[in-house]
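See structure below.
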Amino acid sequence: MDASKAHFESVMSADPTPLEVAEWGGTFFVRPQISLKKKMEIQKKMTSDQMDEGLALSLIYYLVDGEGSPCFNKADLFEMVRSIDPDVLIRVASEIAELQPKQEELEGN
């Protein structure tokens, strides 16, 4: 258990990856990982008729500013699916997914 926890801590402590979102005026950052509970919440939405909420949750849970503070919070969910350009929301959520470490990268830690 200790080795498992140490591995997860090392993944979580990695620096966020920069992500340029020109439509929103700058650079944001993507957390290297989130909890299993949050991942499963996103997955559940993405595999149901609530894909829009799943995409928004990806931004809520992964996207942070230069100080490491979340750019969005869960209270923003419904406004995000109504008020953010859907093409930008989809693109940013896709880019976040692409930035997630691959299994072989995780095994190297």
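Nothing here was measured: the structure is a model prediction, and the numbers come from that model.
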*Shortest non-hydrogen contact from Ile42 to Gly54?*
CG2-O, 3.8 Å
*Would you check if Trp24 and Leu63 make a side-chain contact, meaning some heavy-atom pair closer than 4.5 Å?*
yes
_Using every non-hydrogen atom in the two residues, find where Pro16 and Pro32 come nearest and quote the distance to one decimal._
CA-CD, 4.4 Å
*Counting only heavy atoms not in Met12, do more than 12 fall under 6.0 Å of its CE?*
yes
*asked:* Could you report the tightest heavy-atom contact between Gly66 and Phe29, atom names first, then the distance?
replied: CA-CE1, 3.5 Å
*Would you mind telling me which of Thr17, Asp65, Val92, Val21 makes a side chain to side chain contact (heavy atoms under 4.5 Å, CB included) with Phe28?*
Val21
*Grab the two heavy atoms, one from Thr27 and one from Pro18, that are nearest each other, plus how far apart they are.*
CG2-CB, 3.8 Å
*Does a side-chain N-to-carboxylate-O contact under 4.0 Å join Glu23 and Arg91?*
yes
*In terms of side-chain geometry, is the basic nitrogen of Lys44 or Glu53 positioned less than 4.0 Å from the acidic oxygen of its partner?*
no
_Counting C-beta onward and ignoring hydrogens, is there a side-chain heavy-atom pair between Lys38 and Gln33 closer than 4.5 Å?_
no
*Could you go through the side chain to side chain contact (heavy atoms under 4.5 Å, CB included) check for Gln100 and Val30 one step at a time?*
CA-CA 9 Å; Gln100 295 312 296; Val30 179; 3.6 Å; yes
_Among Ile84, Asp85, Leu55, the one residue meeting side chain to side chain contact (heavy atoms under 4.5 Å, CB included) with Ile90_ = Leu55
*asked:* Would you compute the distance between atom CG of Leu59 and atom CD of Glu95 and round it to the nearest 0.5 angstrom?
replied: 10.0 Å
*For the residue pair Asp52 and Val81, what are the closest heavy atoms and their distance?*
O-CG1, 3.5 Å
*Donor-acceptor contact below 3.5 Å, side chain Ser83 vs main chain Met80*: no
_Using side chain to side chain contact (heavy atoms under 4.5 Å, CB included), reason through Leu57 and Tyr62 one step at a time and then give a plain yes or no._
CA-CA 8 Å; Leu57 282 173; Tyr62 281 103; over 6 Å; no
*Out of Asp15, Ile96, Val64, which one pairs with Arg31 under the side chain to side chain contact (heavy atoms under 4.5 Å, CB included) rule?*
Val64
_Taking every non-hydrogen atom, the tightest pair across Ala56 and Leu77_ = CB-CD1, 3.5 Å
_Straight-line distance of Glu41 CD to Ser58 OG, nearest 0.5 Å_ = 10.0 Å
